[in-house]
Amino acid sequence: DGDVFKFYSEGEWKNSSSGKSVSIINPTTRKTQYKVQACTQEEVNKAIENAKSAQKLWAKTPLWKRAELLHKAAAILKEHKAPIAECLVKEIAKPAKDAVTEVVRSGDLVSYCAEEGVRILGEGKFLVSDSFPGNERTKYCLTSKIPLGVVLAIPPFNYPVNLAVSKIAPALIAGNSLVLKPPTQGAVAALHMVHCFHLAGFPKSLISCVTGKGSEIGDFLTMHPGVNCISFTGGDTGIAISKKAGMIPLQMELGGKDACIVLEDADLDLVAANIVKGGFSYSGQRCTAVKVVLVMESIADAIVEKVKAKVAKLTVGPPEDDCDITPVVSESSANFIEGLVMDAKQKGATFCQEYKREGYLIWPLLLDNVRPDMRIAWEEPFGPVLPVIRISSVEEGIHHCNASNFGLQGCVFTRDINKAMLISDAMETGTVQINSAPARGPDHFPFQGLKDSGIGSQGITNSINMMTKIKSTVINLP
Ligand code: G3P
């Protein structure tokens with residue numbers, strides 16, 4: 001309706017002095033749904049500078065009080081699940097039910113984080129000196145975990161709320177302040193989420209949310225000397241950020257090409273159900289989506305048939321109707337997916353369904369007999385298109401998985417737990433799921449990628465630890 005959503009800084013909702021805005025295109029209607037402020041570098045600078053001073057006081061706020069505020073924010077977030085979910089439906093075409101789940105999951109994450117934080121941060125270490133050669137028992141070392149300072153959080157479009165709070169909550173419980181730069185698609189959902197933190201009554205400037213174009217404020221944010229930690233989830237931009245950022249801890253999750261290796265003795269119905277769920281949930285726009293199926297030749301026909309039958313039942317359409325397959329996030333994304341499909345077609349892949357696209361809506365597609373010379377064997381479509389590569393040995397499957405420059409997650413299906421463990425050890429990925437599709441959650445599990453999939457480890461406990469530093473005090477006895 002022409003209204004531009006305000007950004008959040010110094011505990012207030014503000015219009016940018018730029019007078020400019022950024023449009024958010026609804027992927028379903030392909031029309032402008034919302035507009036957000038195009039913040040200036042000066043406004044970003046102010047948010048970071050204020051975050052710096054707010055953090056000093058916050059770090060002195062008792063841990064139980066910090067936890068109490070987070071619990072309050074979690075409750076408010078859950079109360080507001082309907083309007084926030086509606087934004088997710090309009091901005092990123094997330095199916096209505098999944099959009100609500102994302103907000104509820106986020107509230108749970110914030111609460112869990114508060115609980116975990118009081119335990120982890122409530123404990124330090126006590127060391128004595130005489131365990132190291134040459135020392136008497138004259139030195140006592142006390143350690144505790146102290147905050148880093150200002151944390152910059154940059155979540156991606158696919159979970160603008162959940163992957164924002166997975167950075168915000170650990171940062172805040174650990175005594176840091178936080179500056180959020182939401183993705184453009186999803187920015188309004190993120191602003192609503194930040195409003196819940198505002199309502200909970202956090203001190204002003206402790207959390208701020210700046211919106212705008214990456215080209216205008218992206219580098220300025222990530223290279224700002226006032227930022228003490230960056231937690232980023234997204235694509236290649238993360239690699240560029242890691243090269244430009246200063247000497248500060250980085251937490252990065254940058255996508256994957258999660259392989260699903262299927263052995264001959266697998267439960268075929270379980271496999272088919274997980275391939276469909278893993279490959280096509282949120283139209284494949286998850287870093288942990290199954291992105292290549294590596295199936296033993298002898299059972300490949302059976303698997304492909306079962307998956308085909310399930311794909312035929314997927315509903316395709318608008319997110320408001322809670323369809324399984326909804327429009328992908330942008331035109332460029334749809335074009336990229338189409339490019340991968342056309343490349344596979346030209347190189348002779350078997351199309352299990354007819355390729356169909358309307359606007360940003362792409363019908364689910366299973367590509368059989370994909371070979372390593374096709375782009376889709378290696379690239380991440382981030383769409384409802386899933387390649388199947390037939391393998392003649394388990395080693396071939398492991399080799400394909402490990403030849404990828406990604407290493408986020410992978411999964412293996414077999415009834416033989418010994419084989420599964422050996423394959424898990426051989427797969428160069430941050431996590432291997434045995435007999436289930438890859439997934440980040442439950443959100444307290446460690447979550448990490450090898451190689452180009454990222455640095456550091458996430459999950460509630462790891463994020464809290466990552467956003468702190470050890471401080472020691474040594475008592476020297478005479
Ligand atoms: O794509 C982001 C990644 O964190 C996936 O999360 O919960 O869909 O496995 P999830």
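Whatever order the structure lists ligands and atoms in, that order sets their numbers, starting from 1. In this text, all values refer to a predicted model and were calculated from it rather than measured experimentally.
Looking at residues two or more places apart in sequence or on another chain, you find no salt bridge (Lys or Arg N to Asp or Glu O under 4.0 Å) involving K419. When the salt bridge (Lys or Arg N to Asp or Glu O under 4.0 Å) test is applied to K257, no partner is found at least two apart in sequence or on another chain.
Listed by chain and number, residues touching ligand 1 at under 4.0 Å (heavy atoms only) are R105, N158, Y159, L163, E253, R286, C287, T288, A439, R440, F447.
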Cut-off 3.5 Å, no hydrogens considered: what does the side-chain donor-acceptor table look like for residues 242-249, sequence neighbours left out?
from	atom 1	to	atom 2	distance (Å)
S242	OG	I239	O	2.8
K244	NZ	D219	OD1	3.0
K244	NZ	D219	OD2	3.1

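Just one of K31, Q185, Q33, K90 meets the side chain to side chain donor-acceptor pair (under 3.5 Å) condition when paired with N26; it is Q33.
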Test log, rule salt bridge (Lys or Arg N to Asp or Glu O under 4.0 Å), inputs R390 and D368: CA-CA 8 Å; R390 294 170 175 238; D368 194 5; 2.8 Å; yes

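The shortest side-chain heavy-atom distance between L254 and F232 falls under the 4.5 Å cut-off.
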